[in-house]
Structure formats: structure tokens, C-alpha cells
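A short write-up of the structure that comes next.
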Amino acid sequence: MKISFFPLDVLYKVLDDKPVIHLIGKTDKGEKVCLIDRTFQPYFYAEVDNIEVTDKISKLSFEEEGRTIKVVSVKQVKKNVLGQERALIKITCQLPRDIPKVRNAIKDATLNTFEYDIKFTQKYLLDKGITPLNRLEAEVKKVPFNLNIPCFEIQSLEGTDTPLTDLNVLAIDIETYNPLGKRFIPEEHPILMIALYSKKFKKVITWKPFKDNKDVEFVDGEASLLMRFQEIIKQLNPDIITGYYSDGFDFPYIKTRAKHHKIKLKLGVDGSELTVRDEKANIWGIPHIDIIKFIRRVMGRTLDTDSFSLDDVASEILNEKKHDVDLDNLAEVWDNDPEKLSTFAKYNLQDAKLTFKLMETIFPNIVEMVKITNLTPYEVNQKGFSQLVEAFIIKQTKNFNELILNKPGHNEVMGRQTTRFQGAFVFEPKPGLYDDIVIFDFRSLYPTIITSHNISPGALNCECCKDKANQNPDNKDIWFCTNKPGFISQILEELVRRRMRIKELLKQNPEDVLLKARVGTLKLLSNSFYGYLGFFGARWYCLECAETVTSLGRHYIKKVIDEASNNGFQIIYSDTDSIFITLDGKPKESALKLVDNINTELPELMELEYEGHYPRGIFVSAKQGAYGAKKRYALLNEKNKLKVTGFEAVRRNVSPIAKQTQEAVLRIVLEKKDKDKALNYVKDVLDDLKEKKIKNEDVIIHTRLSKELDEYDAIGPHVAVAKRMKSKGVDVGAGTRVSYVITEVAGIIRDKARLPEELKQGEYDAEYYINNQVIPAVEKIFEVLGFKKEDITSDHKQENLNKFFK
DNA sequence: GAGCATCGGGG
DNA sequence: GTGTACGATGCTC
């Protein structure tokens, strides 16, 4: 029979001493099924220098742990290594786990071995041309099975480009009993509620009854709760199960509680138990996606927030927040006032709902990454950039008959890690205020350098280009072929061009979510190539490539700086791929013309773009940090929107009042162009602090303990406060969040720190907040305006006579 | 300043 | 098990 099928995950089991591929997915009718394939055998490649060795390998057979491990077959093959053809032998074995053993047995007899550590399932998908989530047309035969879903044996199959649309996602979230405060002791403290949220099923399960209980189901205890959880998952049989930090919290907690009750949670489609190891939770046959990982690793850079809490991420992506509920009260309410549990149940369900919606919103991005890397959704979620780039390259090896290069060994990694090379060019800004700033930047600088200059391990120092027409500007001993495109630069060029095409399409359909996700994914991946080439763990590592990329990057940006300077523009700042100039009364058009002129001289794919015009900006001298010059500036665009970069805005140990004052001062300086008003604003804040008009909540400093209390040698204010919490019976330790206020009590800072709830309005130390919080936050800004610290602290206000600004 | 350790997220 | 996440920051010597 024929079947239309969308693979969600691929797994293998060893049955009767044979590897059996299981494709888990759903049919076009929406039914979850498993397709099995018994025909795929594991293999790897070896390079040998004589025919006797090949012959010996083909007859290899040895006993280990009561099993005969043998080579099934050997075949002569031709493969390219970075464009050069090589003769190899393909060695097929019986089981995936035989591969390392056979490789080890023949290692001394071979020159080299390849592709011995590529996952069996990944190889299967690539060799069969299957892309997860894309529809397959398969000829199958129904077979008996012992899974919870029907099983079909594959007779033949064909991939298509049609993606899965209707996905059945289940989001889960737990609330736990934490009587002492903020620490988690899963061995002792039970799960109180579990929320489950999918398109058709929204419910909180808990084990204490209360009246206001819409969407709540009651069971008689924690053990029953876990059993009910298992039952619902079996019944719903979701395509994907998701949570927020569920690899690190929810599932490990669930697992520990199940163990406590001696329950085996058989969540897998094959009846296997939920497994948790290395902060990864696995359910056989139901991909578990801890959505925080993809958000942090893949989307992190493009988000404004630098906190990845559910609340902050949901606010930014969904424009929706968690319920404002004080979880510190949950244990108390649970013990003594169950009627109030309703609030917590609603909170619980809201968290699951937010997680569900995040998955819905982000799934198009996961789909795009799956398509481009050929990894499963589960794998895409687990991997970082270098691994995603590598998966993409591995996929491309098919089209070029290229061999997958080996991972570096331990020593090689160590060597690579200690190798340093020169990075990007940075033009230090002179601190000050500037009018009419124009920014240019290169569109995808590094990817276009790689493609335009054929920067590729296979094109490095070729024999045919000894004239060195395409060399590293800073190192004559490095050059790249101008005759034949290298494998890496070629596949990157395809990526860059594809992105340009889709960007055009997006211009015509700006609201198309899929196109947006596609452009975003292509951009992320292309931008990661440079980093990949210089990444110590990369299979296609190429130090000469990476250092040539930055060298050419410096060369191009300096060229722009020179041209701008020759045309009479003042350069105020430049970093890697961008340059800031001032117009100094010249029309905007003259800057645009400069951009056009430069573009006529650049290689085809490279392009300098006019990023924008900012009527006003301030550059502040950077503190001497570990990484040298930090970029710190604030710009005001033509729509009066403030763009702040590098100010220590959201540091944890900074109070709200310091942050608020900094932002207000920047606004006054840039928008109102009034330095005296800015100064007076700060003076007002200082007065309000002295007069205790600033609300307590604005002077609370939030921080977190990094180790156990008794491990601290240096007792900072947060440690002192944690000790106070402990003496009140709160269980504190590594990870506890501590909030405190510095009060007027005599002594050193740590003696002055108090818990916010111990204080009445105004019981804070104004002097401390003035000198250690507010002033440091604005000092550098006023330095630029020509004021000293004393001008801020002195009592008398600016009379505002001689305006600083024209 | 390099090298090692911990953290994030979660109640 | 065709193995050992990841990238940033803080702490220690």
C-alpha cells in the first residue's frame, strides 16, 4: 500500500542482531505511525595502500563479548577530499556499534579512516534523501508491532518538498512544593500541579481540592498525579512535547519524583521509560523540545532581552506575560489555605500556554533549520551554531561526492584552542557629542568576503595560482585559487544567493512568516561560517581561511574609511563592518553618493549599505575592561527613538533608580540638547533620594548567590543578607535569589544591607545610592558634557544661561 | 592573564 | 555509543 508520511524523528533499534531504522511521524490523515527499514547497514571508509590489506579487511572477523564481529563487505570507491579525488574502500559492518571496533582493529593497517563517527540515523536520512518534516511518498507493508502506534515496513520511498503543516504540540509545566524559599530539593518536595496545554486539551492536574476549579482535575496524591500524567500523554500522543527549561527542571524533577514513588513512567511510544541524563530528557518516539535552548542558542542574538526567563522571552516574542503571582506563598497556601490554590493553578496553566505559544511562533524557524541541515527537530534544538553549520556542510557533501572530514583529536583541539589571530578593525571613538551621524555598513561582510575571494580550505595555496593574485593582504604566504571554486565557498555562495532571492520575495510579501523564518535562518547560517572555519572543534577547520577573512575585512573597512576621509567626511567610529561619519553640514545625498561610488569598486556580492541618519549621538569613553575598548554609545534616530549600545543598563547589581536615571539623562541630552537640564534632572533625583521621595522598590538590588553560604570568604552585602534570610528560617544556598536594600545602619556596606520586607518606605541610605549607584551610571555621560563629578553633587543648580548646544 | 569552574533556566 | 552541550562570565592562582 501507499502512504503519505511526515517524519518527526528517526531512531534505530537492534532487533535480531540487525539495525532497524524507525521513522516516527504522522500520515497526511493525521495518524501517528512508524515506518521501519531493515535494509540500511552501517559503513565507514578507509584509505589503504595495497590490495592485500583490502583483502585482509574484507575477511576480518573476531570475537568480542560472545559475539562475532565481522566485516560484511568491502567495496572500492572514489571520493573527493576538498576537490581532490581519492581512492578509498567502503567497509560495511553489521551493527553501528561494530564500527568503532572494526576501525580500531584495522587502524594500524590503514593510512586513514573516515566517517566512522557520523550518527547512523543521520547517515540514513542523507543516503536515502529524506528530510525530516517533509512529506514522503512510500510504498509500505503493514507489519505486526509492539509499539503504541501502527508500524509499516518500507518497500520503497520518495522524498518531496512539501512541509508538514498541522503539528500537534503538547506543552507541559510543573509547580513544586518549596516550603523554605527558593531552593529545590526534588528528593523531598513533591510536585503539586502539572499543567498540560495543547490545541485541544488544556488542563491542570493537582492533588488537593478547591472550589474555583475550571480546567482543573483532582487526583488523590502525587503518585496518582504522575500516573495520570502518563495516561494523558499516551492518550494525546502528541507530535512534539515541549516545556520551558524542561530538560533542566521539569522532566528531571518528574523523573526524581517517579523514582521516589517507585513508579516507572512509561511515556515512550515503545513503552520505554522517560530517560534523563546530562540535562536532556528523552521520550522514545515523541521528540521532546526544551524550547529555551533554541531561543537562547539560535535566536538569542536577535532578541533584545538578555534574560531568557519565560516572562521576559514571552513578553518580547508574544507580547504576553506570566501571571503576577508570588510563588513564595505557594507552599504556605498549599498547607493551610487550599481554597486559594486556584490562583496558582491558573498561573501554572498560563506558563504552559506561553510555552505552547512560543513553540507555535518559533516552529517555522525550527522547520527551516531542519530543512537546511537535514537534522531532526530534536537535534536542531540541541545543537549550537558550529554543529548546525557542520550539519549543513555534511548534507552538502552528497552533492559534491565529498568525504566528510574527521573531527580533530584531543591534541589537535588543544593546539587549535591556543592559536590566536588578529580580529576585526576597530576605530576608537573620541568621547563626545555629535550631530548628524550617518552609518554605513557592509551587508553580510564575512560571508561575502568568503565567497568573493574563494576562501575555502580546498582552495588554499593551490599550485595553479602561484602568482598569488588572491592573497591575504597581511600574509603573502596565504593565497586562494582563482580558477576553481572551493567546496566551502561554493556552498556558502549558494546560501548567500538564496538568501538574496528570498529577501526579494519577502519585500513583496512582508508579512509572510515562512519567508521571514527562511531569510533569518539563511542569514544566521551564513554568518556562522567564518566562526566555524576558526572553531577548534570543526571538521572543516581552516585557520588560514579564518585569518584571511578578518584580514580582508580590515582591508575593506579601511578602504571605506579612506574614501570617506578623502571626500571630506569626519570618521567618528568604526567596528568590523560599520562606519560612523558626521555630515558636518554636507547634504545626506553626498553620503549616499559616496556609498554608490564605493559599491562600483567592490566584488559582485559585496555591498556597502547606507544604514541610517541619526540627528544626534553621544560616545562615552569606555572603561578599561578585560576586552579592551567596549563600544558605548547612544543615538537618537530621526523618529526620536533612542538606541543605546553598551551601557551597563541591565546589570543585576544595579538598582532601578540608577538605570532609570541613566536613560532619562541620555534622552534629555540627545533629544532636548540641554546639558543643564540633564544635570538638574540628576540633581533632582539626588534630592529625592535625600528626601526619601524615591520609592523603596526602586532602590532594591537583585542578585544571586553563586555558591553555598559557608563557602564565601568575602562577605559581600548579598551574602550578609542571605545570612539574615537563613536566620529567619529561609533555606538559602547556591542559586538563591537575594534582594536587598542598603540602609543607614552604621558600619561597612555588608552591615548596612537589609531585606526589602524588613523596611518601611524611605529606610535606605541616600548617600550610598547617590555615590555608588546613580552617579556611576551617569558620570561618563557628564564627563562628555564637560562636567565633573563635583558638578553633579554640588548643591546649587545650573542657571541655564549659556547653553552648551548651538 | 590564563585556566578552570559555574551558570543559565526552573519553584 | 557511528559519545561527552555551549557560550559567557567570575574566581583563583
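A, B, ... follow the sequence lines: proteins, then strands. Residue 1 opens every chain. Just the heavy atoms: all of them, side chains too, but no hydrogens, waters or symmetry mates, feed the values below.
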F249(A) CZ to dG10(B) C1', in whole Å, measures 5 Å
F184(A) atom CZ is separated from dC7(B) atom C1', nearest whole Å, by 14 Å
Separation of dT2(C) atom P from L375(A) atom CG, nearest Å, is 15 Å
*At under 4.0 Å between heavy atoms, what does Y43(A) touch on the DNA or RNA strands: base, sugar-phosphate, or nothing?*
base
Tell me whether the OP1 or OP2 atom of dC6(C) has a side-chain N or O from Q387(A) closer than 4.0 Å.
yes
Open item on the list: What contact category does Q382(A) fall into here, base, sugar-phosphate, or nothing, at under 4.0 angstrom with non-hydrogen atoms?
Closed with: nothing
Requested in this report: For dG10(B), take OP1 and OP2 only and decide whether either is under 4.0 Å from a side-chain N or O of K293(A).
Outcome: no
Taken to the nearest whole Å, CG/D278(A) to P/dG9(B) is 20 Å
Practice task
Describe the nucleic acid contact of I292(A) in one word from base, sugar-phosphate, nothing, applying a heavy-atom distance below 4.0 Å.
Solution key: sugar-phosphate
Exactly one candidate in I404(A), L405(A), L88(A) meets side-chain contact (heavy atoms from CB on, under 4.5 Å) with V81(A); the answer is L405(A)
Do D311(A) and S309(A) have side-chain atoms, one donor and one acceptor, less than 3.5 Å apart? no
- Task: Kindly check if the number of other-residue, nucleotide or ligand heavy atoms within 6.0 Å of NZ (K523(A)) is above 12?
- Result: no
Quick note, E279(A) side chain, CB onward, closest among dG11(B), dT2(C), dA5(C) is dA5(C)
Whole-Å distance, L524(A) CG to dG7(C) P, equals 13 Å
Checklist entry - Can you find an N or O donor on one side and an acceptor on the other, under 3.5 Å apart, linking the side chain of D173(A) with the base of dG10(B)? => result no
Can you find a side chain N or O atom of K383(A) that sits less than 4.0 Å from OP1 or OP2 on dG7(C)?
no
Have a look at F308(A) and say if it touches a base, only the backbone sugar-phosphate, or nothing, with a 4.0 Å heavy-atom cut-off. sugar-phosphate
Quiz item: With sugar-phosphate meaning primed atoms plus P, OP1 and OP2, does D351(A) contact a base, only sugar-phosphate, or nothing at under 4.0 Å between heavy atoms?
Solution: sugar-phosphate
With V298(A) as partner, the option from N365(A), L524(A), V380(A) fulfilling side-chain contact (heavy atoms from CB on, under 4.5 Å) is L524(A)
Y12(A) side-chain N/O to dT2(C) phosphate OP1/OP2 under 4.0 Å
yes
With a distance cut-off below 6.0 Å to the six-membered ring centre and an angular limit of 45° from the axis, does R416(A) pair with Y541(A) as a cation-pi contact? yes
Between CD1 of I69(A) and C1' of dT2(C) the distance, given in whole Å, is 14 Å
request  = Hey, can you tell me if Y45(A) and Y43(A) have their rings parallel, tilted or perpendicular (30° and 60° cut-offs)?
outcome  = perpendicular
Q: For dG1(C) and dA5(C), measure between their P atoms and round to the nearest Å.
A: 14 Å
* Distance test, side-chain N/O of R277(A) to OP1/OP2 of dG1(C), below 4.0 Å -> yes
Out of dG9(B), dT2(C), dT4(C), minimum distance to the side chain of K407(A) belongs to dT4(C)
Winner on side-chain proximity to R297(A), out of dC6(C), dT2(C), dG11(B), is dC6(C)
Regarding the side chain of P100(A), the nearest nucleotide among dG10(B), dG1(C), dG11(B) is dG1(C)
* Any N/O donor-acceptor pair, R296(A) side-chain to dG9(B) base, under 3.5 Å -> no
P-based separation of dG10(C) from dG9(B) [nearest Å] = 14 Å
Testing dG9(B), dG11(B), dC6(C) for proximity to the side chain of K322(A), the answer is dG11(B)
*What does I174(A) touch in the nucleic acid at a heavy-atom separation under 4.0 angstrom: a base, only the sugar-phosphate, or nothing?*
sugar-phosphate
When rounded to whole Å, the CZ to P distance for the pair R539(A) and dT2(C) reads 13 Å
When rounded to whole Å, the CZ to P distance for the pair F536(A) and dT4(C) reads 13 Å
- Task: Ignoring hydrogens and angles, state whether a donor on the side chain of Y177(A) or D335(A) is under 3.5 Å from an acceptor on the partner side chain.
- Result: yes
Against the side chain of D328(A), the closest entry in dT2(C), dG11(B), dG9(B) is dG11(B)
